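Protein chains get the first letters and strands the later ones, always in sequence-line order, with residue 1 at the start of each. Predicted model only: the values in this text are computed from it and were never measured.
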There are 2 protein chains.
Amino acid sequence: MSDLFPKKGHDHDRCVHSALAQAEKVCDAENARFTDMRRKVFTLIWQSHKAVTAYELLDALTAEGQRVQPPTVYRALEFLTELGLVHRIESLNAYFGCDRPDCEHLGQYFICTDCGRVAEAVNEDMSNAVRKAARGVGFTIEATTVEIKGLCHDCATH
Amino acid sequence: MSDLFPKKGHDHDRCVHSALAQAEKVCDAENARFTDMRRKVFTLIWQSHKAVTAYELLDALTAEGQRVQPPTVYRALEFLTELGLVHRIESLNAYFGCDRPDCEHLGQYFICTDCGRVAEAVNEDMSNAVRKAARGVGFTIEATTVEIKGLCHDCATH
DNA sequence: CAGAAAATGATATATTATAACATTTCATCA
DNA sequence: TGATGAAATGTTATAATATATCATTTTCTG
Ligand SMILES: [Zn+2]
Ligand SMILES: [Zn+2]
Ligand SMILES: [Zn+2]
Ligand SMILES: [Zn+2]
């Protein structure tokens, strides 16, 4: 069984640093400004491997002493999602950091209903099945949402 | 190319009648009450092949002279979705009538961003790809959301 | 018919998201 | 270097989606 969810007790600082480094690179490549606010929101999203709602981010920023309003958070989220640094999980109304923002992908999300963690898969079998089904009915894909809820291996076995 | 979206100008009354007949059957089999309110909401959802929001339903009921409050609509929607008569489209916060409520399925939804129509596919290739991917990472599926946005064949070619 | 369970009504409020306009910050170049 | 316009953020208000709670009505069961 391949790993998808990070091991409990892994070095999460490394996840965060790597995500930040990639974000810098993507912003650079796109000539987009990775401002303080955007970096803060991005870093907050990467505090865990769970998806985070806009208002949780708002509360976290407030707790940090920033008094920001909803539009500020939503703007940062819009910027980050447009660059593919963050993905929105439709079935949770929440946001999740992408760990391969440098390559185009139709992502698929595994969402553990027990521990709340989310893991993004980039599974070509799934992507191809979706593309093939669309082709079969003459449908032109613009975007896909594939969200799979259930129990991660840790939660299913412990 | 197989048909998925209904032809424009098809006999939609037939869709509605068939859906109602199936709903009756399912409710009967489940010993669930297909009350007036539930039937009204169900029928309103089936007015078109688009997905409908809870508040659109509320407005439609109000227009019919019923003065109902949000909980009434949400309760009917909860009932209908639990029986599988209606599916929620997560990426639209909207609801859509199922045309095969009698058999269990992992549904997939094609959503046309031009005409707004939704079509449900029950595509075993997609379902199997999802199941296989889950198995591959030791994930136990509870529910899936597969929503594909783009252009239906009619809208892409006209 | 009595009593319990299910459904709906009614009121209030929580949660998620955006519109509109003001102000600040930043890159560009005259 | 400082005027200028574009981009980002601040601020206020409000829209859109959803649920909690308790009261009342309807339906089922015995
Ligand atoms: Zn980590
Ligand atoms: Zn888990
Ligand atoms: Zn029809
Ligand atoms: Zn269309």
Spacing between L77(B) atom CG and dT19(D) atom C1', to the nearest angstrom:
13 Å
Determine: side-chain N/O of Y74(B) to OP1/OP2 of dA18(D), distance under 4.0 Å, yes or no.
yes
To the nearest Å, how far apart are I89(B) CD1 and dT17(D) P?
15 Å
Looking at F5(A), does the NZ or CZ of R117(A) lie under 6.0 angstrom from its six-membered ring centre and within 45 degrees of the ring axis?
no
Taking atom P of dT12(D) as reference, at what distance in whole Å does atom CZ of R75(A) sit?
13 Å
Rounded to the nearest Å, what distance is computed from the CZ atom of residue R67(A) to the P atom of nucleotide dT11(D)?
7 Å
Should the ring pair Y74(B) and Y55(B) be called parallel, tilted or perpendicular, given that the plane angle runs from 0 to 90° and is split at 30 and 60?
perpendicular
Kindly say if T35(A) contacts the phosphate of dT9(D), meaning a side-chain N or O under 4.0 Å from OP1 or OP2.
yes
Comparing V68(A) and A94(B) on DNA chain D - which has the more 5′ nearest nucleotide:
V68(A)
Distance check needed: dA8(D) C1' versus E78(A) CD, whole Å only.
12 Å
Q69(B) atom CD is separated from dT17(D) atom P, nearest whole Å, by 17 Å
For Q108(B) and T144(B), does a side-chain donor sit closer than 3.5 Å to a side-chain acceptor?
no
Proximity to the side chain of T72(A) - top-ranked nucleotide from dG10(D), dA18(D), dT17(D):
dG10(D)
Counting neighbours of CG on D11(B) that are heavy atoms of other residues, nucleotides or ligands and sit closer than 6.0 Å, is the number greater than 12?
yes
Tell me if the NZ atom of K7(B) is crowded by more than 12 foreign heavy atoms within 6.0 Å.
no
Fit a plane to each ring of H49(B) and W46(B), take the angle between them on a 0 to 90° scale, and name the class: parallel (under 30°), tilted (30 to 60°) or perpendicular (over 60°).
perpendicular
Would you kindly give the OH-to-P distance between Y55(B) and dT14(D), to the nearest whole Å?
18 Å
Contacts of type ring-ring contact (aromatic ring centres under 6.0 Å, His included), residue Y109(A), not counting sequence neighbours:
H87(A)
Span of DNA chain C, from the first to the last nucleotide whose atoms fall under 4.0 Å of chain A heavy atoms
dT16(C) to dC26(C)
Where Y95(B) and V86(B) come nearest, the two heavy atoms and their spacing:
CB-CG1, 3.9 Å
Look for any protein N or O under 3.5 Å of an N or O in nucleotides 27-30 of chain D and output each such pair with its distance, or none.
none

How about E90(B) and T145(A): does a side-chain donor come under 3.5 Å of a side-chain acceptor?
no
Find the distance L92(B):CG to dA16(D):P and express it as a whole number of Å.
16 Å
